[in-house]
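When reading the values below, keep in mind they use all heavy atoms of this one structure, side chains included, and skip hydrogens, waters and symmetry mates. The structure displayed is predicted, hence computed values, not measured ones.
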Amino acid sequence: MEQAYVIGIDFGTDSVRALVVDAYSGKQVGTAVQEYSRWKQGKYCDPSRSQFRQHPLDYIESMEKAVLAALEQAPADARAAVRGISIDTTGSTPVAVDRSGTPLSMLPGMEDNPNGMFILWKDHTANAEADEINRLAHSWPEDYTKYVGGIYSSEWFWAKILRTLRVDEQVRENAFSWVEHCDWISAELTGVTDPLQLKRSRCAAGHKALWHQDFDGLPSNAFLKELDPLLDGLRDRLFATTETSEKAMGTISAKWAQRFGISADTVIGVGAFDAHMGAVGALIEPYSLCKVIGTSTCDMLIAPSEEAGHLLIKGICGQVDGSIIPGMLGMEAGQSAFGDIYAWFAKLIVQPVRELLGEEAAAELSKNLIPHFSKLAAELPVTETDIVAIDWLNGRRTPDAKHTLKGGILGLNLASDSARVFKALVEATAFGSKSIVERFRNEGVPINQVIAIGGVAKKSAFVMQTLADVLNMPIKVAASEQACALGAAMFAAVASGIYPTLQEAQQAMSSGFDAVYEPREKESRVYQVLYEKYLTAGAFMENQFLIQKEPAIAG
């Protein structure tokens, strides 16, 4: 059999990962990770305002280094046998582009303008715009939010576009169109970046841009113009059709073929979001919840369209035909912060150490802190009087997105030590996960098993055991350290014609599972009591927030 290799490229929040896979054996022959240099320095971000931007050069430079490093590890003849490349990214992470499809921050005079850069998924500067979209959509003859859970989020495409156009005259004057990261980087590899020609991801468009076949594509120009005249005419400069990710975006450009040292016949697949391709890499099945657990979570679920297509599931992040597996209804939910919450708690402790004792002591503490807390927390009993925390430190994504909500810790006393607070924060993230499971079930979608991938799933047995106990369900952890990149590689194998279907690529290239966390009966019973407290406390906090907001709205 002729050799064939494929490359999956996974753009995460902090870095890009490249994975070279033997398409026939599934053997992973090369992998590399490259951080974004500007992002690592904190450039173009303002966490106090929830502003998170990434420069396109971070993506291009890091991708090239990661792919070359991964190919260096592969067999010497692998470069000549690379048949396909597919890409996944975070999302919604759109960017304003000019008529040629060049991000505005790559134009002279706009290099340091954050509004001309990619607006990262966790940027919440458009909370007010999201509220406006929801109010108009719910009063419009066609509710364009009905396939995204009935609530539009500030993390998504239209809210970010509207906010940017309102606040930046330079962007208003230079932006011809807007492109999601997964579409732009795939198009960049083909050399065809014209926003009116490049193929748009069904995954990105359906879950974040209100695209649906029933709407003949995107929301009508009348709706967008009513939302804000700044959007008048933009629909015609975006897209009307979308493609699922087993399709080819095109072939690699001569420039990138030369940079990578691979064949000019290499096929570039249509991109998608990281969690969706990660679910493919983890062998998602109908009614299996695949949790991508890292700084945040994305929860993926698929079902035959004939069984679930008639449902309108409230408060999730969208239901889109073919967004995960072609021919299946893909459903998405998630939490706006998961590992980020643990990192926040560690930072509270490390920062004064850095200020008082210096960088070396802080670095040593930072490296050992979370494992230390995990060990201590795992030894604590689970009781009905434990501290209860609310996991909305970066707002709430699912169920019922509301990114202006805040987190909280309840039940503290003078005996509350750092290990107990850490334990409560981990339990809070698990309770947030349970609320997602309960929403799906209450809306008529069963969940038969849970699959986990991502950094937290691979690194923290304490977190995963807590999650299994809270959900009262076994959790299987995918063996691959790079499930998202592996899923992208599987799509590349189909887009390039090595396999006729994605299911065949999955079976041939899968790494399987390497751990299963079983729920403990006693702890699960106690956690049900604590979960009810979590729900009660969360409802109270949300109600108090609304009471505080009402006078301002009325005024």
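- With hydrogens and angles left out, the side-chain atoms of E532 and Q528 include a donor and acceptor closer than 3.5 Å.
- Legend: side chain to side chain donor-acceptor pair (under 3.5 Å) pairs involving residues 434-443, not counting sequence neighbours, sorted by first then second residue: D400-R439.
- Here the straight-line distance linking atom CE of M490 with atom OG of S245 works out to 14.0 Å at 0.5 Å rounding.
- When atom types are taken as modelled, the side chain of D10 and the backbone of Q482 share no donor-acceptor pair closer than 3.5 angstrom.
- With sequence neighbours excluded, the residues satisfying ring-ring contact (aromatic ring centres under 6.0 Å, His included) with Y147 are H212, F215.
- Without hydrogens or angle criteria, S433 side chain to T429 main chain gives a donor-acceptor distance under 3.5 Å.
- Across A204 and C182, no two heavy atoms sit closer than the pair CB-SG, 3.9 Å.
- Between the side chains of D391 and Y534, at least one donor N or O sits under 3.5 Å from an acceptor N or O.
- Listed by first then second residue, pairs satisfying salt bridge (charged side-chain N to carboxylate O under 4.0 Å, His left out) with a partner in residues 483-503 number zero, not counting sequence neighbours.
- Interatomic distance, D274 CG to C484 SG, rounded to the nearest 0.5 Å: 5.0 Å.
- Residue E521 qualifies as open at atom CD: its count of foreign heavy atoms under 6.0 Å is 12 or below.
- Of the candidates V179, L120, D123, T93 forms a side chain to side chain contact (heavy atoms under 4.5 Å, CB included) with just one, namely L120.
- E155 and S336 are linked by a side-chain donor-acceptor pair at a separation below 3.5 angstrom, with hydrogens and angles left out of the test.
- Residue pairs meeting the salt bridge (charged side-chain N to carboxylate O under 4.0 Å, His left out) criterion with at least one partner in residues 78-95, sequence neighbours excluded, are E72-R79.
- Here the straight-line distance linking atom CG of D143 with atom CG of L210 works out to 9.0 Å at 0.5 Å rounding.
- Under the 4.5 Å side-chain criterion, counting only non-hydrogen atoms from C-beta, W121 is in contact with S296.
- Heavy-atom minimum distance, A66 versus Q34: CB-CB, 4.1 Å.
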Check step by step if side chain to side chain contact (heavy atoms under 4.5 Å, CB included) holds for V20 and Q73. CA-CA 9 Å; V20 184; Q73 300 172 19; over 6 Å; no

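- For the pair E180 and P94, the tightest heavy-atom approach, listed with the atom from each and the gap, is OE1-N, 3.7 Å.
- Every residue two or more places apart in sequence or in another chain that forms a ring-ring contact (aromatic ring centres under 6.0 Å, His included) with W156 is listed here: Y152.
- Remark: side-chain polar atoms of H207 are paired, donor with acceptor, to backbone N or O of C317 under 3.5 angstrom.
- Side chains of E481 and T31: a donor-acceptor N/O pair is absent below 3.5 angstrom, by distance only.
- One finds the CD1 atom of I252 at 9.5 Å from the OG1 atom of T190 (value rounded to the nearest 0.5 Å).
- Judged by distance alone, with hydrogens and angles left aside, the side-chain atoms of R397 form a donor-acceptor pair with the main-chain N or O of T297 at under 3.5 Å.
- Between the side chains of T89 and W184, no donor-acceptor pair of N or O atoms lies under 3.5 Å.
- Distance check: C203 SG to D183 CG gives 9.5 Å after rounding to the nearest 0.5 Å.
- In summary, K199 and E243 do not engage in a salt bridge, as defined by a charged side-chain N under 4.0 Å from a carboxylate O.
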The test is side chain to side chain contact (heavy atoms under 4.5 Å, CB included); show your working for M509 and V6 and say whether it passes. CA-CA 11 Å; M509 299 168 65; V6 288; 3.7 Å; yes

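- Remark: side-chain polar atoms of S510 are not paired, donor with acceptor, to backbone N or O of Q507 under 3.5 angstrom.
- Remark: side-chain polar atoms of K160 are not paired, donor with acceptor, to backbone N or O of H124 under 3.5 angstrom.
- Note: S153 OG to K402 NZ = 12.5 Å, rounded to the nearest 0.5 Å.
- The main-chain N or O of I313 is found under 3.5 Å from a side-chain atom of Q319 such that the two form a donor-acceptor pair.
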The test is side chain to side chain contact (heavy atoms under 4.5 Å, CB included); show your working for I185 and F118 and say whether it passes. CA-CA 11 Å; I185 199 73; F118 285 88; over 6 Å; no

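- Within the structure, ring pair (Phe, Tyr, Trp, His ring centres under 6.0 Å) pairs that include any residue of residues 478-525 do not occur (at least two apart or interchain).
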Might you work through the side chain to side chain contact (heavy atoms under 4.5 Å, CB included) test for M328 and L502, ending with a clear yes or no? CA-CA 12 Å; M328 290 274 184; L502 185 60; over 6 Å; no

Check: residues 462-469 side-chain donor-acceptor pairs under 3.5 Å, at least two apart:
{"unit_1": "Q465", "atom_1": "NE2", "unit_2": "D469", "atom_2": "OD1", "d": "3.0"}
{"unit_1": "Q465", "atom_1": "NE2", "unit_2": "E518", "atom_2": "O", "d": "2.9"}
{"unit_1": "T466", "atom_1": "OG1", "unit_2": "F462", "atom_2": "O", "d": "2.9"}
{"unit_1": "D469", "atom_1": "OD1", "unit_2": "R520", "atom_2": "N", "d": "2.8"}
{"unit_1": "D469", "atom_1": "OD2", "unit_2": "R520", "atom_2": "NE", "d": "2.9"}
{"unit_1": "D469", "atom_1": "OD2", "unit_2": "R520", "atom_2": "NH2", "d": "2.6"}

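- One N or O on the side chain of S62 and one on the backbone of D58 form a donor-acceptor pair closer than 3.5 Å.
- Scanning all heavy atoms of the two residues, the minimum distance from G281 to L486 falls at O-CD2, 4.0 Å.
- A salt bridge (charged side-chain N to carboxylate O under 4.0 Å, His left out) check over residues 326-336, counting only residues at least two apart or in different chains, returns the pairs K208-E332.
- Evaluation of the salt bridge (charged side-chain N to carboxylate O under 4.0 Å, His left out) test over residues 277-298, restricted to residues two or more places apart or in two chains, returns K291-D299.
- Heavy atoms from other residues, nucleotides or ligands lying under 6.0 Å from NZ of K247 number more than 12.
- Pairs engaging residues 301-317 under the side chain to side chain donor-acceptor pair (under 3.5 Å) rule: Y287-E307, S305-D321 [sequence neighbours left out].
- The closest side-chain heavy-atom distance from I262 to I85 is below 4.5 Å.
- Y342 and F373 have their aromatic ring centers separated by at least 6.0 angstrom.
- Residue I284 comes nearest to M300 through the heavy atom pair CD1-O, 3.7 Å, listed as atom of the first residue, atom of the second, then distance.
- Between V516 and P474, the shortest heavy-atom contact is CG1-CB, 4.4 Å.
- A salt bridge links K122 and D340; the closest N-O separation between the charged side-chain nitrogens and carboxylate oxygens is under 4.0 Å.
- A distance-only check finds a donor-acceptor pair linking the side chain of S496 to the backbone of A492 [under 3.5 Å].
- Looking at residues two or more places apart in sequence or on another chain, you find a ring-ring contact (aromatic ring centres under 6.0 Å, His included) between F11 and Y59, H181.
- Partners of Y5 under the ring-ring contact (aromatic ring centres under 6.0 Å, His included) rule, at least two apart in sequence or in another chain, do not exist in this structure.
- Ion pairing of E61 with K65 is absent here, as no side-chain N (NZ or NE/NH1/NH2) approaches a carboxylate O to less than 4.0 Å.
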